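Presented below is the structure to which this report refers.
Note that this is a predicted model, so its numbers are computed, not measured.
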Amino acid sequence: MYTYDELKQFVDHCTRCPLSQTRNKAVMGKGNLHSPILFIAEGPGRNEDQDGIPFTGKSGVLLDRLLSEIHMSRDEVYITNIVKCHPPGNRDPKPEEQELCIPYLKYETLLLRPKIIVCLGRIAAQRIIRPDYRITREHGTFLYRKNVWLTAVYHPSVVLRDDTKLPEVTADFRMIKEKLDDITRRG
């Protein structure tokens, strides 16, 4: 089994898909390797491509705020993406790009062994939970599969474009915290 640092080296030097040719930096997940919560988004944005760290732009500021409202911080969770390189023009990652990158995500998940996986946005939810997942109808609901609770919330960038979704996302984050507290209580 590879270590986190070995996996990061693979990601940093990956040339499996065309995204590697246009990236500045590959973006490996970051956070607490022992966290019970794994957040997964679709791919790095422009800011993340520059610094190699997930969620460093305005979406990251909002994610930090949402975590703070449930008395958590980035130091307590792990945040990653399905694809590790920034898709040009901030477009959605293509299915073939996701397919080539998914082994890295699977290995990250294996290393972390989270109790809860939170998909940030539609793309992540459709890849991780179910291809026909409807985030507008199903966000904040939980599904138990392979000893992990799965849920999805609106991606923070969607909330930045439509702040009427903020109350829903805030409520979803509270439910994530309640689920974590319940899992912790049950041991």
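Scored by the side chain to side chain donor-acceptor pair (under 3.5 Å) test, Y78 finds E108 as partners (sequence neighbours excluded).
Checked by atom type and distance alone, the side chain of E76 pairs as donor or acceptor with a backbone atom of S73 at under 3.5 Å. Side-chain atoms of Q98 come within 3.5 Å of backbone N or O of P93 as a donor-acceptor pair.
In this pair, Y2 and F10 present their aromatic rings perpendicular. The plane angle is above 60°, beyond the 30 to 60° band.
Residue pairs meeting the salt bridge (charged side-chain N to carboxylate O under 4.0 Å, His left out) criterion with at least one partner in residues 30-58, sequence neighbours excluded, are absent.
Atoms CG and CD1, on N81 and I123 in that order, are 12.0 Å from each other to the nearest 0.5 Å.
Here R16 does not pair with E96 in a salt bridge; the nearest charged N to carboxylate O distance is not below 4.0 Å. Under the 4.0 Å criterion applied to side-chain N and carboxylate O atoms, K177 and E69 are not assigned as salt-bridge partners. A salt bridge links R91 and E97; the closest N-O separation between the charged side-chain nitrogens and carboxylate oxygens is under 4.0 Å.
Summarising the geometry of L67 relative to F173, their closest heavy-atom pair is CD2-CE2, 4.1 Å, with the distance given to 0.1 Å.
Taking the six-membered ring for Trp, F39 and H155 have ring centres at least 6.0 Å apart.
With Y104 as the aromatic partner, K84 does not meet the cation-pi criteria of under 6.0 angstrom to the ring centre and within 45 degrees of the ring axis.
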